[in-house]
Amino acid sequence: MSETAIRFREDLMTWAKGEIREYPWRAPDASLYEVFVAEFFLTQTPADNVADVYPEFLDEFDSLATIDESHEDELVAAIEPLGFHNMRAEALKRIATNHDELPTEPERLRSLPRVGPYVANATLCFALKRRIPIVDRNVVRVYERVFGDAFPQSDSAREAFAEEMLPATGEEARTYNLALLDFGALVCHKRSPDCPVCFASGYCEYAVGLAEDQ
DNA sequence: AAATCGGGGTA
DNA sequence: TACCCAGATTT
């Protein structure tokens, strides 16, 4: 692992202490089900929108069993403001009819409808504090900027890279992954990242390149 | 690995 | 209206 990688990890962990965002589903004691529901909703949906419906949703649907007993229309109504409600309601219903409990193995979780690598890994890392990497568009953007060509192209190599970046323990990996998402959302924006304010601007390939262009 | 999908956001 | 986008799914 490169010096830059080690430094980025340390800097991000330091940044995490002050800047990490608080959401209900990020509570340390949030259950597997609660975290799963959140991650399931958070794809392609702003966190603040999810926050608006999340408490009420958990109130009405406190378990897979409850979803199983309810009608899909109620499910649709509860998540309507989020968009993708039909797709998501159908998938949740299908999950609830086939499972009493959520699987805790990444591959098994990933086999559920509309649950891909991101949702599965994020759920297990955040809920069970497993040392598992997460790779979404934010993560790809951040690593591409900071590490340039050293960040690989293929999904499998990216997952391996992200895994190497994780700190030693599951607890730390959870903090690191949360910080990585927030860093991508709050500092390393898709367009016009806040390089002047960023802890990595001294060694990030993108920021250094910008400085050289001046 | 690349193409496709469904649907929300944006120019 | 047309295009873009993120993640999942399909080929």
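Chain letters run A, B, ... following the sequence lines, proteins first, then strands; residues in each count from 1.
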Exercise. Heavy atom of residues 84-104 of chain A under 4.0 Å from DNA chain B: which residues?
Worked result: A/Phe84, A/His85, A/Met87
Problem set entry | Pairwise side-chain contact, A/Phe57 with A/Asp62, heavy-atom cut-off 4.5 Å (strictly under) | no
For this session: Using the test side-chain hydrogen bond (donor to acceptor under 3.5 Å, both in side chains), find all partners of A/Asp155 that sit at least two apart in sequence or belong to another chain.
Result: none
For this session: Could you pull out all residues at least two apart from A/Asp182 that satisfy salt bridge (charged side-chain N to carboxylate O under 4.0 Å, His left out)?
Result: A/Arg21, A/Arg26
Nucleotide N/O of nucleotides 8-11 of chain C paired with protein N/O under 3.5 Å:
{"unit_1": "C/dA8", "atom_1": "OP1", "unit_2": "A/Gly116", "atom_2": "N", "d": "3.0"}
{"unit_1": "C/dA8", "atom_1": "OP1", "unit_2": "A/Val119", "atom_2": "N", "d": "3.2"}
{"unit_1": "C/dA8", "atom_1": "OP2", "unit_2": "A/Tyr118", "atom_2": "N", "d": "3.3"}
{"unit_1": "C/dT9", "atom_1": "OP1", "unit_2": "A/Arg114", "atom_2": "N", "d": "2.3"}
{"unit_1": "C/dT9", "atom_1": "OP2", "unit_2": "A/Val115", "atom_2": "O", "d": "3.4"}

Problem set entry | Residues within residues 129-144 of chain A bordering DNA chain B, heavy-atom distance below 4.0 Å | none
Problem set entry | Pairing string, 5' to 3', for DNA chain B - Watson-Crick or wobble contacts under 3.5 Å, brackets [ ] where pairs cross, | to another strand | |||||.|||||
For this session: Please state whether the rings of A/Tyr176 and A/Phe8 are parallel, tilted or perpendicular, taking 30° and 60° as the class boundaries.
Result: perpendicular
Exercise. Mapping A/Arg191 and A/Gly83 onto DNA chain B by nearest heavy atom, which one lands closer to the 5' end?
Worked result: A/Gly83
Can you name the atoms? Protein N/O to nucleotides 2-4 of chain C N/O, anything below 3.5 Å, with the distance.
none

For this session: Mind checking salt bridge (charged side-chain N to carboxylate O under 4.0 Å, His left out) for A/Glu163 and listing every partner two or more places apart, or none if nothing turns up?
Result: A/Arg131
Donor-acceptor list for residues 100-113 of chain A side chains, cut-off 3.5 Å, not counting sequence neighbours:
{"unit_1": "A/Ser111", "atom_1": "OG", "unit_2": "A/Arg108", "atom_2": "O", "d": "2.6"}

For this session: Would you check if there is a donor-acceptor pair between the side chains of A/Arg88 and A/Thr45 at a distance under 3.5 Å?
Result: yes
Problem set entry | Ring geometry between A/Phe183 and A/Trp15 (parallel below 30°, tilted from 30 to 60°, perpendicular above 60°) | perpendicular
For this session: Mind running side-chain contact (heavy atoms from CB on, under 4.5 Å) on A/Val146 and A/Glu205 for me, showing each step along the way?
Result: CA-CA 5 Å; A/Val146 175; A/Glu205 287 210 7; over 6 Å; no
Exercise. Apart from A/Tyr206 itself, what residues make up its hydrophobic cluster when side-chain heavy atoms of I, L, V, M, F, W and Y under 4.5 Å apart count as a link, directly or indirectly?
Worked result: A/Leu210
For this session: May I have the distance from A/Asp48 (atom CG) to B/dG9 (atom P), rounded to whole angstrom?
Result: 14 Å
Exercise. Centres of the A/Phe161 and A/Tyr143 rings: under 6.0 Å?
Worked result: yes
For this session: Apply side-chain hydrogen bond (donor to acceptor under 3.5 Å, both in side chains) to A/Arg158 and list each qualifying residue two or more places apart in sequence or on a separate chain.
Result: A/Glu144
Problem set entry | Matching residue for A/Phe126 among A/Ile132, A/Leu178, A/Asn121, A/Leu32 - test: side chain to side chain contact (heavy atoms under 4.5 Å, CB included) | A/Leu178
For this session: Answer whether the closest heavy-atom distance between the side chains of A/Thr4 and A/Arg7 falls below 4.5 Å.
Result: no
Seminar exercise, completed: For A/Phe84, the hydrophobic cluster (side chain heavy atoms closer than 4.5 Å, chained through members) also holds A/Met87
